**Student:** 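Dropping a structure here in structure tokens format, bear with me for questions.
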2 protein chains.
Amino acid sequence: MKIATWNVNSIRTRLEQVINWLSENPVDVLCLQETKVIDQGFPLNSFENLGYHPYIYGQKAYNGVALISSQPLEDVSMGFCSVLKDLDPTWDEQKRVISGVIDGVRIVNLYVPNGSSVGSEKYEYKLRWLKVLGKYLQQLLLSNPAISMCGDFNIALEDIDINDKVKIENHIMASDAERQALKDVLDLGFADAFRKFNQEGGNYSWWDYRTAAFKRNLGWRIDHHYLTPVIYERAQSCIIDVAPRKLEKPSDHTPVVVEF
Amino acid sequence: MKIATWNVNSIRTRLEQVINWLSENPVDVLCLQETKVIDQGFPLNSFENLGYHPYIYGQKAYNGVALISSQPLEDVSMGFCSVLKDLDPTWDEQKRVISGVIDGVRIVNLYVPNGSSVGSEKYEYKLRWLKVLGKYLQQLLLSNPAISMCGDFNIALEDIDINDKVKIENHIMASDAERQALKDVLDLGFADAFRKFNQEGGNYSWWDYRTAAFKRNLGWRIDHHYLTPVIYERAQSCIIDVAPRKLEKPSDHTPVVVEF
DNA sequence: GGTAACGACG
DNA sequence: CGTCGTTACC
């Protein structure tokens with residue numbers, strides 16, 4: 001099974017690129033982040049015409065996630081609150097979580113808050129959000145131990161996931177508290193699929209639009225696939241496909257594909 | 001001599017199309033309207049690299065005209081006021097007029113105000129602007145009887161210049177007062193080059209972006225070449241080149257080329 | 001429908 | 001740098 005994650009930074013702006021990529025890179029599920037469109041504006045037809053089944057969870061201007069599945073998904077759920085019944089419903093105001101089951105595997109697609117800068121209001125929200133994510137996954141694990149979680153985590157777990165031109169010290173996406181919050185989540189039983197196959201630095205999935213970061217390969221590896229043991233054991237590859245980032249008017253992120 | 005007029009609706013957005021067109025359609029002078037950029041932002045190099053001499057007169061966001069000449073122009077003048085010394089300088093706040101001499105022929109490039117709707121403040125401005133234009137041309141004619149005036153006139157002089165789906169009655173760009181104001185100007189000795197060669201309707205130079213007007217050929221002929229007798233007599237052709245309007249992300253206007 | 005400017009966000 | 005939302009203009 002092939003699962004791809006791609007923060008497309010607006011599905012409407014990137015539609016042609018996404019459709020082209022998907023045509024040449026068929027996957028079982030394509031997990032999109034930052035679709036940046038309300039559900040009525042999502043280009044469902046483009047994916048249906050390719051034979052895919054889109055499941056969308058969007059909002060105006062910001063955030064927004066989607067699952068583009070080769071076959072109908074089971075038990076699709078949008079947001080945290082449909083899984084965590086007692087959770088404050090404001091946690092679902094930002095559309096950052098969508099999940100569904102394919103061939104017995106639960107796919108969880110996340111757009112983790114960026115956090116703006118260390119110590120900011122948004123940073124605190126990011127940390128709290130990761131705590132909620134932990135509870136959400138605990139709940140999901142109760143009914144299904146086979147989870148493939150992916151998305152834009154907006155966190156580089158290790159220093160080798162970041163180009164060395166960056167002053168990592170207290171940098172957003174690299175601060176200790178963020179990393180620890182993510183590690184706490186992963187301690188539920190998730191392992192990084194990419195690191196099963198590759199121990200090298202210099203592998204990035206995101207390059208800032210500013211300062212010509214891509215041309216200078218000043219990137220970050222912040223888009224991940226995290227797998228629970230039953231899935232991790234059978235994982236065969238995890239590849240960052242840099243090609244889409246080279247196109248005209250690209251997303252700042254590029255797809256990452258895991259096969260298991 | 002070949003003179004082209006083209007309202008490009010932003011030279012920065014349309015640069016590639018304009019350069020491609022000019023490469024395949026060399027002219028002596030290309031007259032641009034709605035460049036929509038201040039002079040520091042005008043892509044001079046792109047034209048210079050093609051061997052042309054650009055003369056620009058732009059402003060922020062709106063209006064803006066330019067002469068792109070195959071050879072250096074003489075006696076280039078920007079705006080009304082440099083010709084009409086006693087004119088209120090506010091007439092040059094909107095950049096709509098540029099002129100220069102090539103091979104003894106004065107080229108006048110205009111972006112006539114649109115006028116918004118009949119009876120509006122902007123409509124009155126359009127009528128007053130055309131009166132000033134008349135005085136401007138009178139002054140120019142004193143020193144040179146050979147004038148080739150072109151541009152986006154935002155006026156369809158005859159009903160056959162407008163598709164018949166439009167209710168012409170008091171429509172902006174077709175009202176009696178506008179037509180009369182333009183006719184008063186033309187009475188100084190200008191004749192419509194296009195009508196020397198073509199008496200048919202259905203020939204348009206502008207199609208509204210809205211309502212799929214181009215696909216349905218619901219256009220207007222509002223981009224004109226008006227020639228004084230010495231030039232008009234030797235005119236050999238006047239062609240509307242519809243091709244650029246068929247491209248992706250086109251201007252709403254297409255080039256009109258006169259040869260004399 | 002498609003320009004541009006501006007401010008917010010990343 | 002490059003999204004979006006807004007406003008203004010055509």
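In what follows, chains are A, B, ... by sequence order, proteins preceding strands, each numbered from 1. Bear in mind that the values here come from a model prediction, so they are computed numbers and not experimental data.
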**Student:** Assess the side chains of B:Asn154 and B:Trp206: does a donor N or O sit below 3.5 Å from an acceptor N or O?
**Tutor:** no
**Student:** Sequence neighbours left out, what passes ring pair (Phe, Tyr, Trp, His ring centres under 6.0 Å) with B:Tyr62? Give chain and number order.
**Tutor:** none
**Student:** Take the protein atom CG of B:Asn9 and the nucleotide atom P of C:dG2, then report the distance between them rounded to whole Å.
**Tutor:** 10 Å
**Student:** Phosphate oxygens OP1/OP2 of C:dA4: is one of them under 4.0 Å from a side-chain N or O of B:Thr13?
**Tutor:** yes
**Student:** NE2 of B:His253 versus P of C:dG1: gap in Å, rounded?
**Tutor:** 18 Å
**Student:** Rounded to whole Å, how long is the line connecting atom CG of B:Asn63 with atom P of C:dT3?
**Tutor:** 17 Å
**Student:** So, B:Asn109 side chain and B:Ala66 main chain: donor-acceptor pair closer than 3.5 Å or not?
**Tutor:** yes
**Student:** Going 5' to 3' along DNA chain D, which nucleotides are the first and last within contact of chain B (any atom under 4.0 Å from a heavy atom)?
**Tutor:** D:dC9 to D:dC10
**Student:** One thing to verify: whether B:Lys183 and B:Asp176 come together as a salt bridge, which I'm taking to mean a side-chain N less than 4.0 angstrom from a carboxylate O.
**Tutor:** no
**Student:** Who pairs with B:Phe80 by ring pair (Phe, Tyr, Trp, His ring centres under 6.0 Å), at least two apart in sequence or on another chain?
**Tutor:** B:Trp129, B:Tyr136
**Student:** Would you say B:Arg14 reaches C:dG2's phosphate, i.e. side-chain N/O to OP1/OP2 under 4.0 Å?
**Tutor:** no
**Student:** If a pair satisfies side-chain hydrogen bond (donor to acceptor under 3.5 Å, both in side chains) and one of its residues is in residues 165-175 of chain B, list it, with sequence neighbours excluded.
**Tutor:** B:Tyr123-B:Ser175, B:Ser175-B:Glu178
**Student:** Among A:Gln33, A:Glu34, A:Lys36, find the one that has a side chain to side chain donor-acceptor pair (under 3.5 Å) with A:Asn9.
**Tutor:** A:Lys36
**Student:** Could you check how far CD1 of B:Ile11 sits from C1' of C:dG2, rounded to whole Å?
**Tutor:** 16 Å
**Student:** Which residues pass the ring pair (Phe, Tyr, Trp, His ring centres under 6.0 Å) test with B:Phe153, not counting sequence neighbours?
**Tutor:** B:His224, B:Tyr226
**Student:** NZ of B:Lys36 versus C1' of C:dA5: gap in Å, rounded?
**Tutor:** 11 Å
**Student:** Round to a whole Å and report the spacing from CH2 of B:Trp206 to P of C:dT3.
**Tutor:** 15 Å
**Student:** Verify the ring-centre separation between B:Trp220 and B:Trp207: is it less than 6.0 angstrom?
**Tutor:** no
**Student:** Provide, to the nearest angstrom, the distance between the CZ atom belonging to A:Arg12 and the P atom belonging to C:dG1.
**Tutor:** 13 Å
**Student:** Using atom CD of A:Gln33 as one end and atom P of C:dG10 as the other, report the distance to the nearest whole Å.
**Tutor:** 16 Å
**Student:** Within the sub-3.5 Å range, which N or O atoms of nucleotides 6-8 of chain C have a protein N or O partner, and how far apart are they?
**Tutor:**
unit_1: C:dC6; atom_1: OP1; unit_2: B:Lys60; atom_2: NZ; d: 3.0

